[in-house]
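Here is the structure we will look at, set down as structure tokens.
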Amino acid sequence: MPRGFQIKATSVTIFTHLLFIAITTLVLVWLFHFREGVAFNSTTNKIKIFNLHPLLMVLGFILVGGEAIVAFKSIPGKRSSAKVFHLLLHLIALTSGVLGIIVIFKFKKEVGLPNMFTLHSWLGISAISAFGLQYILGFFAYFFPGAETSTRATLLPWHKFIGIVIFLLAVATAETGLIQYFDFYQLFRNQESLIVNFTGLLLFLFSVFVGLSVILPRNY
């Protein structure tokens with residue numbers, strides 16, 4: 001008889017956390033060492049406003065959102081505790097995503113650039129809109145006031161599936177954004193280009209391990 005999965009979710013989530021740290025480090029080095037930091041308002045260097053966009057979208061929207069997905073497999077104890085962490089981390093991710101959209105619209109308005117003409121922008125608006133709708137529906141179905149048990153059980157597979165689709169859409173959006181950035185600054189072969197490329201590669205791996213954690217069984 002087959003023994004089923006030999007890999008448990010905990011080992012996968014540990015690697016997911018390590019990727020979280022690695023991507024965060026790369027993004028911070030990239031924006032603060034190579035691109036002069038971030039700011040919500042700047043009269044002398046508008047690029048600092050732009051830099052806040054990838055900081056919020058990668059660290060806040062994608063990485064924290066990914067951690068929210070793996071919360072049910074990485075947090076020991078009762079499922080209710082993991083549910084609270086899932087809800088709060090997703091709220092942080094949603095807030096970061098909305099702020100990231102506001103920042104990029106603000107930057108483009110101040111420098112006189114048009115909005116919503118690239119695939120990156122289309123994917124980004126789609127991701128944040130779908131994420132917000134998913135959060136609202138999930139909040140009322142599973143947290144407050146909460147649907148009937150049978151209804152929640154019926155919705156759960158779809159809730160998981162749509163959540164992963166939205167997460168992958170967010171990662172795809174980030175990848176197209178990194179490509180645009182690479183092309184705009186004509187980075188070619190230098191230290192910054194390596195950081196941008198490795199950020200993209202690690203984001204892909206992060207999405208793989210987040211998705212894998214969903215389908216693997218818990219250790220406890």
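This is a predicted model, so every value here is computed, not measured. The analysis underlying the following values was restricted to heavy atoms, covering all of them including side chains, and did not include hydrogens, waters or symmetry mates.
The CG atom of Leu26 sits 4.5 Å away from the OG1 atom of Thr199 when rounded to the nearest 0.5 Å. Within the model, atoms CZ of Phe204 and CD of Glu175 stand 8.5 Å from one another, a figure rounded to the nearest 0.5 Å. The line from CG of Leu187 to CG of Leu178 is 10.5 Å long, rounded to the nearest 0.5 Å. Atom CG of Leu63 sits about 12.5 Å away from atom CD1 of Ile92, to the nearest 0.5 Å. Between the CG atom of Leu119 and the CD1 atom of Ile179 there is a distance of 9.5 Å, given to the nearest 0.5 Å.
A cation-pi arrangement, defined by a distance under 6.0 Å to the six-membered ring centre and an angle within 45 degrees of its axis, is absent between Arg152 and Tyr142. The cationic group of Lys106 lies under 6.0 Å from the six-membered ring centre of Phe40 and within 45° of the ring axis, placing it in a cation-pi geometry.
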Ring pair (Phe, Tyr, Trp, His ring centres under 6.0 Å) between Phe61 and Phe131, worked out
CA-CA 10 Å; Phe61 188 49; Phe131 190 99; 5.1 Å; yes

What's the verdict on ring pair (Phe, Tyr, Trp, His ring centres under 6.0 Å) for His86 and Phe72, showing C-alpha distance, side-chain angles and the deciding distance?
CA-CA 7 Å; His86 180 77; Phe72 286 106; 4.9 Å; yes

Verdict with supporting geometry, Trp30 and Tyr181, ring pair (Phe, Tyr, Trp, His ring centres under 6.0 Å)
CA-CA 12 Å; Trp30 167 33; Tyr181 182 91; 4.8 Å; yes

Carefully, step by step, assess Ile14 and Ser11 under the rule side-chain contact (heavy atoms from CB on, under 4.5 Å).
CA-CA 5 Å; Ile14 290 173; Ser11 58; 5.5 Å; no

side-chain contact (heavy atoms from CB on, under 4.5 Å) between Ile128 and Leu94: does it pass, once the steps are laid out?
CA-CA 7 Å; Ile128 196 69; Leu94 178 60; 4.2 Å; yes

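Within 6.0 Å of atom CD in Gln191, 12 or fewer heavy atoms from other residues, nucleotides or ligands are found, so the atom counts as exposed in its surroundings. Within 6.0 Å of CD on Gln186 lie more than 12 heavy atoms contributed by other residues, nucleotides or ligands. More than 12 non-hydrogen atoms from other residues, nucleotides or ligands lie less than 6.0 angstrom from OH of Tyr185.
Remark: the backbone N or O of Ser213 is paired with a side-chain donor or acceptor of Lys73 at under 3.5 angstrom. Remark: the backbone N or O of Ala147 is not paired with any side-chain donor or acceptor of Thr151 at under 3.5 angstrom. Side-chain atoms of Thr118 come within 3.5 Å of backbone atoms of Ser121 as a donor-acceptor pair (strictly under, hydrogens ignored). Looking only at distances, no side-chain donor or acceptor of Asn45 sits under 3.5 Å from a matching main-chain atom of Ser42.
Using a 4.5 Å cut-off between side-chain heavy atoms of Ile, Leu, Val, Met, Phe, Trp and Tyr, with links allowed through other members, Ile136 and Ile162 fall into the same hydrophobic cluster. Under the 4.5 Å side-chain heavy-atom criterion for Ile, Leu, Val, Met, Phe, Trp and Tyr, Phe34 and Leu28 are members of the same hydrophobic cluster.
Ring geometry for Phe15 versus Phe209: interplanar angle of 30 to 60°, hence tilted. In this pair, Phe206 and Phe20 present their aromatic rings tilted. The plane angle is within the 30 to 60° band.
Residue pairs that meet the side chain to side chain donor-acceptor pair (under 3.5 Å) test with at least one member in residues 87-103, sequence neighbours left out, do not exist here.
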